[in-house]
Amino acid sequence: MKRVLTILSLAFVVFIGCQTPEKPFTIYAIGDSTMANKKAEVYPETGWCQVLGDYFDESVTVSNHARNGRSSKSFIDEGLWQAVLDSLKAGDYVFIQFGHNDQKAYDSTRYTTPFGTYSANLERFILETQAKGANPILFTSIIRRKFGDNGKLTDTHGDYPVATREMAAKYNIPLIDLQKLTEEWVNLLGDEPSKEMFLWLPATETYPKERKDDTHLSIKGANMVAQLAIGEMKDQKLKLANNIK
């Protein structure tokens with residue numbers, strides 16, 4: 001009997017040891033206004049990474065470094081990337097989503113070419129993240145809500161999503177194709193209902209003119225984009241999906 005109790009005790013210790021919780025890690029988000037945290041004065045405008053932490057358990061910290069108006073170039077030139085890199089630890093993740101502002105050819109501080117400087121910047125983010133033992137994940141840009149005469153969305157991103165996909169394939173890293181996912185979602189909603197997901201709002205004291213913003217997300221829209229991203233992480237069976245609530 002004593003021998004049996006000893007064996008059972010050892011088995012219990014082994015079982016408990018196997019239940020070690022996931023090691024805490026941080027998700028760093030780098031990108032533009034569609035991801036960024038928003039100030040109260042622009043409510044209800046919301047970046048999708050602003051709500052991302054709601055979908056992960058307590059072992060995950062979301063550190064959102066995305067900023068309004070930034071391209072892959074200006075994010076580097078302004079030192080925003082270096083600040084992330086300095087904090088990055090082995091086992092962390094970097095969510096990378098640029099393109100909206102990279103295509104602004106009229107602004108030399110932000111403009112990049114899809115298969116030239118844009119791809120080179122993505123490559124830098126990938127390699128420097130991996131050098132720290134962290135995990136880069138590329139995201140294509142969410143769509144702009146621009147419907148054509150055929151009642152379907154019109155592409156406004158050109159080759160930037162194509163270049164993003166190519167860089168993910170080149171380095172064999174995860175890609176969350178938000179352009180494709182949000183295009184399917186908004187097309188399914190249709191022109192009028194999809195306004196609720198963006199910033200089509202009546203005039204207020206803060207904004208005396210009504211808002212017809214087809215780029216930035218409402219709270220509901222931001223949560224839907226976050227859920228699309230989360231669903232894709234699960235479908236791809238990414239390791240961090242184990243930490244999703």
Side-chain angles (χ1 to χ4, degrees), residues 27-36 47-52 55 64-76 81 93-105 110-127 129 135-147 152-189 194 197-198 214-217 221-236 238 240-241:
I27 296 171
Y28 290 89
I30 66 172
D32 54 45
S33 58
T34 61
M35 298 173 89
W48 72 265
C49 283
Q50 186 173 349
V51 300
L52 187 63
Y55 297 92
N64 192 0
H65 290 253
R67 296 289 184 275
N68 289 9
R70 274 28 175 223
S71 70
S72 65
K73 180 181 187 301
S74 62
F75 198 86
I76 292 170
W81 170 237
Y93 286 81
V94 181
F95 287 8
I96 305 162
Q97 182 210 283
F98 290 97
H100 268 97
N101 299 302
D102 285 79
Q103 63 186 170
K104 295 181 176 177
R110 294 187 286 180
Y111 179 61
T112 63
T113 54
F115 303 110
T117 44
Y118 176 70
S119 291
N121 290 338
L122 294 186
E123 186 171 48
R124 176 174 175 178
F125 296 140
I126 292 166
L127 294 177
T129 296
N135 308 285
I137 299 181
L138 289 180
F139 294 74
T140 53
S141 298
I142 69 168
I143 54 89
R144 293 186 179 92
R145 189 193 152 280
K146 183 179 180 182
F147 281 87
K152 297 296 182 183
L153 286 172
T154 300
D155 174 58
T156 65
H157 292 313
D159 284 330
Y160 292 91
V162 179
T164 305
R165 295 178 190 117
E166 289 186 0
M167 293 305 294
K170 178 179 178 179
Y171 286 100
N172 193 29
I173 63 170
L175 170 78
I176 307 296
D177 200 340
L178 281 184
Q179 186 201 33
K180 179 176 180 292
L181 292 168
T182 56
E183 181 180 0
E184 292 172 351
W185 162 55
V186 173
N187 271 329
L188 186 63
L189 287 175
S194 63
M197 303 299 170
F198 292 82
D214 290 320
T215 299
H216 300 102
L217 299 163
N223 276 283
M224 275 303 306
V225 173
Q227 289 169 28
L228 289 171
I230 289 289
E232 187 66 12
M233 292 172 206
K234 289 181 177 178
D235 289 346
Q236 293 187 29
L238 301 184
L240 82 168

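All values below were derived from every heavy atom in this structure, side-chain atoms included, with hydrogens, water molecules and symmetry-related copies excluded. Since the model is a prediction, treat every value here as computed from it, not as a measurement.
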Using side-chain heavy atoms (C-beta onward) and a distance below 4.5 Å, is Asp102 in contact with Arg110?
no

Have Ser194 and Arg145 got a donor and an acceptor in their side chains that come within less than 3.5 Å?
yes

Would you indicate whether the side-chain heavy atoms of Ile173 and Leu138 approach each other to under 4.5 Å?
yes

Residues Trp48 and Gln227: side-chain donor-acceptor under 3.5 angstrom:
no

Between the side chain of Ser119 and the main-chain N/O of Gly116, is any donor-acceptor distance below 3.5 Å?
no

Note: Asp214-Lys146 ion pair, threshold 4.0 Å (strictly below):
no

Using side-chain contact (heavy atoms from CB on, under 4.5 Å), reason through Asp159 and Phe115 one step at a time and then give a plain yes or no.
CA-CA 8 Å; Asp159 284 330; Phe115 303 110; 3.6 Å; yes

Under a 3.5 Å distance rule, please check whether Thr117 uses its side chain to pair with a backbone N or O of Thr113 as donor and acceptor.
yes

Answer whether the closest heavy-atom distance between the side chains of Asp32 and Asn68 falls below 4.5 Å.
no

Applying side chain to side chain donor-acceptor pair (under 3.5 Å), can you list everything that pairs with Arg67, at least two apart in sequence or on another chain?
none

Leu181 vs Ile176 side-chain heavy atoms within contact, under 4.5 Å:
yes

What one should report as the nearest heavy-atom pair of Pro136 and Pro174 is O-CD, 3.7 Å

Distance-only polar pair, side chains of Ser33 and His216, donor-acceptor under 3.5 Å
yes

Looking only at heavy atoms, the pair that brings Gly99 and Tyr118 closest together is N-CE1, 4.1 Å

Which class fits the ring pair His65 and Tyr28: parallel under 30°, tilted 30 to 60°, perpendicular over 60°?
tilted

Do His100 and Arg144 come close enough that some side-chain heavy atom pair is under 4.5 Å?
yes

Excluding sequence neighbours, so at least two apart, what forms salt bridge (charged side-chain N to carboxylate O under 4.0 Å, His left out) with Lys170?
Glu123

Can you find a side-chain donor-acceptor pair between Asn121 and Ser72 that sits under 3.5 Å?
yes

Quick one: do the Glu232 and Gln236 side chains pair a donor with an acceptor below 3.5 Å?
yes

Taking all heavy atoms of Asn187 and all of Leu153, pick out the closest pair and write down the distance.
OD1-N, 3.0 Å

Just to verify, what does Lys104 make a salt bridge (charged side-chain N to carboxylate O under 4.0 Å, His left out) with, not counting sequence neighbours?
none

Min side-chain heavy-atom separation Tyr111-Asn101 under 4.5 Å:
no

Below 4.5 Å, heavy atoms only, C-beta onward: do Val94 and Ile137 meet side chain to side chain?
no

Taking all non-hydrogen atoms of both residues, which atom of Tyr55 and which atom of Ala226 are closest, and how far apart?
CE1-CB, 3.9 Å

Taking the inter-plane angle between the rings of Trp81 and Phe125 on a 0 to 90° scale, is it parallel (under 30°), tilted (30 to 60°) or perpendicular (over 60°)?
perpendicular

Would you say the side chains of Thr34 and Gln97 form a donor-acceptor pair under 3.5 Å?
yes

Testing the basics here: between Leu178 and Phe139, what is the closest heavy-atom pair and its distance to 0.1 Å?
CD1-CD2, 3.8 Å

Is there side-chain contact between Leu52 and Ile230, with heavy atoms separated by less than 4.5 Å?
yes

Would you sort out whether Val225 and Leu217 count as a side-chain contact (heavy atoms from CB on, under 4.5 Å), showing the intermediate values?
CA-CA 9 Å; Val225 173; Leu217 299 163; 3.9 Å; yes

Nearest heavy-atom contact between Asn64 and Ala29 is OD1-CB, 3.5 Å

Evaluate ring pair (Phe, Tyr, Trp, His ring centres under 6.0 Å) for Phe75 paired with Phe98, printing each intermediate quantity in order.
CA-CA 10 Å; Phe75 198 86; Phe98 290 97; 5.4 Å; yes

